[in-house]
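Here the structure comes first, spelled out in structure tokens, and everything after it is commentary.
Numbering starts at 1 and runs along the sequence shown.
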Amino acid sequence: MTEYTSEVKTIPCNDGSVFALLSDLSNLERFRERMPEETFKNISFDRDGCSFDIHPAGRVEFRIVDREPNSTIKLQTVHFPMPLSLWIQLKPESQTLTRMKITLRADLNPLLKPMVSKPIQEALDRISTLIATLPYE
């Protein structure tokens, strides 16, 4: 299993508000225009999942498999050639600041790993930056 981790981002909001927005993925629909179209195409959201086309991987669908209030949101891929899991981890820094880190775990073929590691890390960094800049209140 290969693990990719985003930089820790600080969100200027309490962990409860951040969790409330991110744990219902349908909330992200209103931020669709912020998502880079060159990376994510044909995005769709519902309460428990999201799907999108990403070049060169194709269609990716994530479903929430676990929610730990104000702490962790765990997602896994559905109908995707390789198993991926994504964890959004939240930690309160103060009453008005939350630290966030995203971890992606992938069961990569050793021959494929050198080709996809850089694009995966770049996408993860873009996602974490996007999530950190959303208006939570």
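- Summarising the local packing, CD of E7 is surrounded by 12 or fewer heavy atoms from other residues, nucleotides or ligands at distances under 6.0 Å.
- In this structure, K113 NZ and L108 CG are separated by 7.0 Å, a value rounded to the nearest 0.5 Å.
- Side chains of F80 and F62 form no contact here, defined as non-hydrogen atoms less than 4.5 Å apart.
- Interatomic distance, T72 OG1 to L22 CG, rounded to the nearest 0.5 Å: 12.0 Å.
- Under the 4.5 Å side-chain heavy-atom criterion for grouping Ile, Leu, Val, Met, Phe, Trp and Tyr, L112 is connected to V60 within one hydrophobic cluster.
- The minimum heavy-atom distance linking F45 with C50 is given by the pair CD2-CB, 3.6 Å.
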One pair to check against side-chain contact (heavy atoms from CB on, under 4.5 Å): I120 and T2. What are the steps and the verdict? CA-CA 11 Å; I120 288 173; T2 305; over 6 Å; no

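- When side chains are defined from C-beta on, L75 counts as touching L25, because their heavy atoms get closer than 4.5 Å.
- For P110, the side-chain contact (heavy atoms from CB on, under 4.5 Å) criterion is met by no residue, not counting sequence neighbours.
- When all heavy atoms are compared, the tightest approach of A20 to N27 is O-ND2, 3.4 Å.
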Output side-chain donor-acceptor pairs under 3.5 Å for residues 87-96, partner residues at least two apart or in another chain, one line each.
{"from": "Q89", "atom 1": "OE1", "to": "T103", "atom 2": "OG1", "distance (Å)": "3.4"}
{"from": "S94", "atom 1": "OG", "to": "T96", "atom 2": "N", "distance (Å)": "3.3"}
{"from": "S94", "atom 1": "OG", "to": "L97", "atom 2": "N", "distance (Å)": "3.2"}

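- Considering CG of N70 and OG of S17, their distance stands at 9.0 Å, rounded to 0.5 Å.
- Taking each heavy atom of Q76 and S85 in turn, the nearest pair found is CG-CB, 4.0 Å.
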After noting the C-alpha distance and the side-chain angles of D24 and R67, does the key distance pass the salt bridge (Lys or Arg N to Asp or Glu O under 4.0 Å) rule? CA-CA 10 Å; D24 179 349; R67 293 173 176 91; over 6 Å; no

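- Taken from CD1 in I43 to CG in L28, the straight-line distance is 9.5 Å, to the nearest 0.5 Å.
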Chi angles and distances behind the side-chain contact (heavy atoms from CB on, under 4.5 Å) call for S51, R59: CA-CA 7 Å; S51 60; R59 189 83 179 154; 2.8 Å; yes

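- Shown here for L84 and A106, the closest heavy-atom pair between the two residues is CD2-CB, 3.2 Å.
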Could you walk me through whether F19 and T98 pass the side-chain contact (heavy atoms from CB on, under 4.5 Å) check? CA-CA 10 Å; F19 181 83; T98 300; over 6 Å; no

Determine whether M82 and N109 satisfy the following criterion, side-chain contact (heavy atoms from CB on, under 4.5 Å), listing intermediate values before the conclusion. CA-CA 9 Å; M82 72 179 92; N109 176 318; over 6 Å; no

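- The hydrophobic clustering, which links ILVMFWY residues whose side-chain heavy atoms are closer than 4.5 Å, places V8 and I131 apart.
- Shortest non-hydrogen contact noted between R105 and E3 is NE-OE1, 2.7 Å.
- Atom-to-atom distance recorded for S6:OG and I127:CD1 is 9.5 Å, nearest 0.5 angstrom.
- No continuous path of ILVMFWY side-chain contacts below 4.5 Å connects V65 to I102, so the two sit in separate hydrophobic clusters.
- The minimum heavy-atom distance linking C13 with Y136 is given by the pair SG-CB, 3.5 Å.
- Linking Ile, Leu, Val, Met, Phe, Trp and Tyr residues whenever their side-chain heavy atoms come within less than 4.5 Å leaves V78 and I73 in two separate clusters.
- We find the CE-CG distance between M100 and D15 to be 13.5 Å, quoted to the nearest 0.5 Å.
- Between K9 and D125 no salt bridge is recorded (no basic side-chain N to carboxylate O distance below 4.0 Å).
- Taking a cutoff of 4.0 Å between a charged side-chain nitrogen and a carboxylate oxygen, D46 and R63 qualify as a salt bridge.
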